[in-house]
Amino acid sequence: MLKEKDFNVARAPFGYYKTFEIKCKGHPLSELSRTILPEEVAEKEEEEKAPSEYLVLAHEGEEHFLKLDKIEDCKILDKYPLLKQFILSEELGIRPGEEPSHIKLMRKLELVDYEPASDVGHFRFYPNGTLIKTLLEELALEIAASLGASRIETPLLYRFDEPDIREQALKFHQKDYKLKLPNRTLLLRFAGDFGLFRMMKDVVMSYKQMPVRIFEISPSFRLEQSGECVGLKRLRAFTMPDVHCFCKDLNEALKEYEILFLSYNKIVNAMQIEYVVAFRLVKEFYQKNKHYILKLLGEIKKPALIELLPKAKHYWIMKHEFQEVDSVGGNAQLSTVQLDIEDSERYGILYVDENGEKKGCIILHSSMGSIERWIYAMLEEATKKAKKGVAPMLPLWLAPTQVRLIPVKDEYLEYCQKISDKIDRENIRVDIDDRNQTVAKKIRDAERHWVPLIVVIGEKEINTNQLPVRIRETRELKTFGIEELISEIKRKTENMPFRALALPKLLSKRPIFISS
RNA sequence: GCCCCGGUGGCCAAGCGGUAAGGCAACUGCCUCGUACGCAGUAAAUCGCGGGUUCAAAUCCCGUCCGGGGCUCCA
């Protein structure tokens, strides 16, 4: 339309009228009157699409090259169905196209819900959901501390007119939230790099202090296309724990990389997620460092999909992802580590070397994975178990209720209180179903809410001091002494974060957030 | 953002042009109960929202919001 009239049209953004009659009625502050200059867009680089090569690297050492259009020919994948499904889903977009189960579960378990009064992809967390989120954040903090990373906090909003902020933002395909104030435009952070790079630019680092490790956990906002937001799998607002390591050379960076790789493996294990590994590297780098990749895979005893890029097209030369493959064959990246050799100089993050000279360093960018996505992955894993006939559940350390006491009659309530206090004191989440219901009904409710340990208390228990524990995981009914039960739970939740019950101990006192 | 599908009490849902079934949950009463649903009763629905067609709309049409799938995207 405009082209016909000799205007130089760079592009017509979505959301703006491409054809309209100009009547000049609009208020100057209205949505429709904006100045859009082509240079903003021109900075968006057109990436060449040189094809990647793919292979499966077994942790025992063999390489199995594969063509994406003929992955059936790659026999090793028959041994690793999850990896195969990952390749189908991630690289080829082939999946059954059903709704992932966590969407129903997050509501059924009263954890998380939609909030229509907010934007798409912004959720509300109910008490038990908040409890789980808090525990996971706590885990992230502990992992960061174990890495020796220093925690920082940087702003959520940034000025769009700062050149480096603007440069980073424009690279991100306009997926940022912008806040237009009368005198300036602010950008909501979509990653931690903005504030971190700003901070690091001013930091004085000597080679003696390297590697320097920095941790931040904070909300990030990405204006994903509305059709792309799916439950807790992809959100517009999420919590990102990330670690950046600033290293003086490649050797040191590779050492750090390994430490991160193994730490993040601990995280997914703590959440009992059966994940898949993908590495993406510049081909030349892979050829020189294949032994290194193999060492990493050997430590976690897993094969990996390897994507070889003919040449560097991003800021990293090597990265890997731990990926969830969900109950309906979809996938989502959990954690990632990226080896970045160019951003340091670009953003002026320098250290002083042995000769007193300022030098660029190597940056390891890494994200442990968003907390919300961890919850997605755990709920999906639970469904995968259920499909195999195993009772779905969360890891014990994350179960909102770890032990439920069910008195047979009201008169045993007092005794329940007494032993629950004892269990409480040991940092175990125990509650009591004191509602006026039959035992069978209370058990059914506890099972429906995935309570891992259920104890029915009646006259026999009071007399013998023994507790009959219904164990969800194994579907057995086992008798424990109270101390024995406590130490068993302690053993299973050892070294994991703890928080108290999110709701009143007595079920009769609990409001219902979602009744289903 | 685009295309397809969906939205009915707190939750799950039947009805699909004649004026809102049923189940679960909740509440009240009874039952005091031993390992997945005791019995009875009560209350609870602007049929997502707005507009249109019709004597009549939850049902048909248009718009819009929310959700799911697909496309695209995931630096």
**Study point:** Pairwise P distance, B:A43 and B:G1 [rounded to whole Å]
**Key:** 44 Å
Review point. Between A:R236 and A:E224, is there a salt bridge with N-O shorter than 4.0 Å?
Key: no
Exercise for review: Please confirm whether the backbone N or O of A:I349 pairs with a side-chain atom of A:S344, one donor and one acceptor, at under 3.5 Å?
Suggested key: yes
Practice item. Assign the ring pair A:H320 / A:F279 to parallel, tilted or perpendicular, where the plane angle (0 to 90°) is split at 30° and 60°. Key: tilted
Review point. Quantified in whole Å, what is the P atom distance between nucleotide B:A36 and nucleotide B:U72?
Key: 49 Å
Review point. If you measure from the Lys or Arg side-chain nitrogens to the Asp or Glu carboxylate oxygens, is any gap between A:K505 and A:D424 under 4.0 Å?
Key: yes
**Study point:** Closest nucleotide among B:A75, B:A36, B:U35 to the A:E447 side chain
**Key:** B:A36
Exercise for review: Check whether any side-chain nitrogen or oxygen of A:R222 sits under 4.0 Å from OP1 or OP2 of B:A75, and answer yes or no.
Suggested key: no
**Study point:** A:F123 and A:Y114 aromatic ring geometry - parallel, tilted or perpendicular at 30°/60° bounds
**Key:** tilted
Review point. Given the P atoms of B:C12 and B:C3, what is the spacing between them in whole Å?
Key: 28 Å
Review point. With ring centroids as reference points, do A:F221 and A:F190 lie under 6.0 angstrom apart?
Key: no
Exercise for review: Could you run through nucleotides 65-70 of chain B and give me one letter per nucleotide, 5' to 3': B if any protein heavy atom sits under 4.0 Å from the base, S if only the sugar-phosphate is that close, - if neither?
Suggested key: --SSSB
Check your understanding: Could you give the CZ-to-C1' distance, from A:R435 to B:U32, as a whole number of Å?
Key -> 16 Å
Exercise for review: Run the salt-bridge test on A:E321 and A:R280 with the 4.0 Å N-O cut-off and return the result as yes or no.
Suggested key: yes
Point to revise | Pairwise P distance, B:A14 and B:C33 [rounded to whole Å] | key: 41 Å
Check your understanding: Which nucleotide in the list B:G34, B:U72, B:U32 gets nearest to the side chain of A:K409?
Key -> B:U32
Check your understanding: Is there a residue in residues 364-380 of chain A whose heavy atoms reach under 4.0 Å of RNA chain B, and which residues are they?
Key -> none
Check your understanding: What is the nucleic acid contact for A:E461, judged by heavy atoms within less than 4.0 Å: base, sugar-phosphate only, or nothing?
Key -> base
Pick out the pairs of N or O atoms, protein on one side and nucleotides 37-46 of chain B on the other, that lie under 3.5 Å.
residue: B:C37; atom: N1; partner: A:R444; partner atom: NE; Å: 3.3
residue: B:C37; atom: N3; partner: A:R444; partner atom: NH2; Å: 3.3
residue: B:G38; atom: OP2; partner: A:T438; partner atom: OG1; Å: 2.9

Check your understanding: For RNA chain B, what string of dots and brackets results from 5' to 3' when Watson-Crick and G-U pairs need both distances under 3.5 Å, crossing pairs get [ ], and pairs with another strand get |?
Key -> ((((((((.[[[..)..(...]]].(((((.......))))).....[[[[[..)....]]]]])))))))....
Point to revise | Pair A:R346 + A:E342, salt bridge at N-O below 4.0 Å | key: yes
Review point. Any luck finding a side-chain donor-acceptor pair between A:N331 and A:Q323 under 3.5 Å?
Key: yes
Between the protein and nucleotides 27-29 of chain B, are there any N/O to N/O pairs under 3.5 Å, and if so, what are the atom names and distances?
none

Check your understanding: Does one side chain, of A:Q338 or A:S366, offer a donor that lies under 3.5 Å from an acceptor on the other?
Key -> no
Review point. Is it true that A:R444 and A:E447 make a salt bridge, defined as a side-chain N closer than 4.0 Å to a carboxylate O?
Key: no
Give me the distances for all protein-to-nucleotides 6-10 of chain B N/O pairs that come in under 3.5 Å?
residue: B:G10; atom: N3; partner: A:S515; partner atom: OG; Å: 3.2

Practice item. Remember a base hit wins even if backbone is also touched, and classify A:V439 as base, sugar-phosphate or nothing at under 4.0 Å, heavy atoms. Key: sugar-phosphate
Check your understanding: Would you say the side-chain atoms of A:T336 and A:S367 include a donor-acceptor pair closer than 3.5 Å?
Key -> no
Exercise for review: Would you classify A:K442 as touching base, sugar-phosphate or nothing, given that sugar-phosphate means primed atoms plus P, OP1 and OP2, and contacts are heavy atoms under 4.0 Å?
Suggested key: nothing
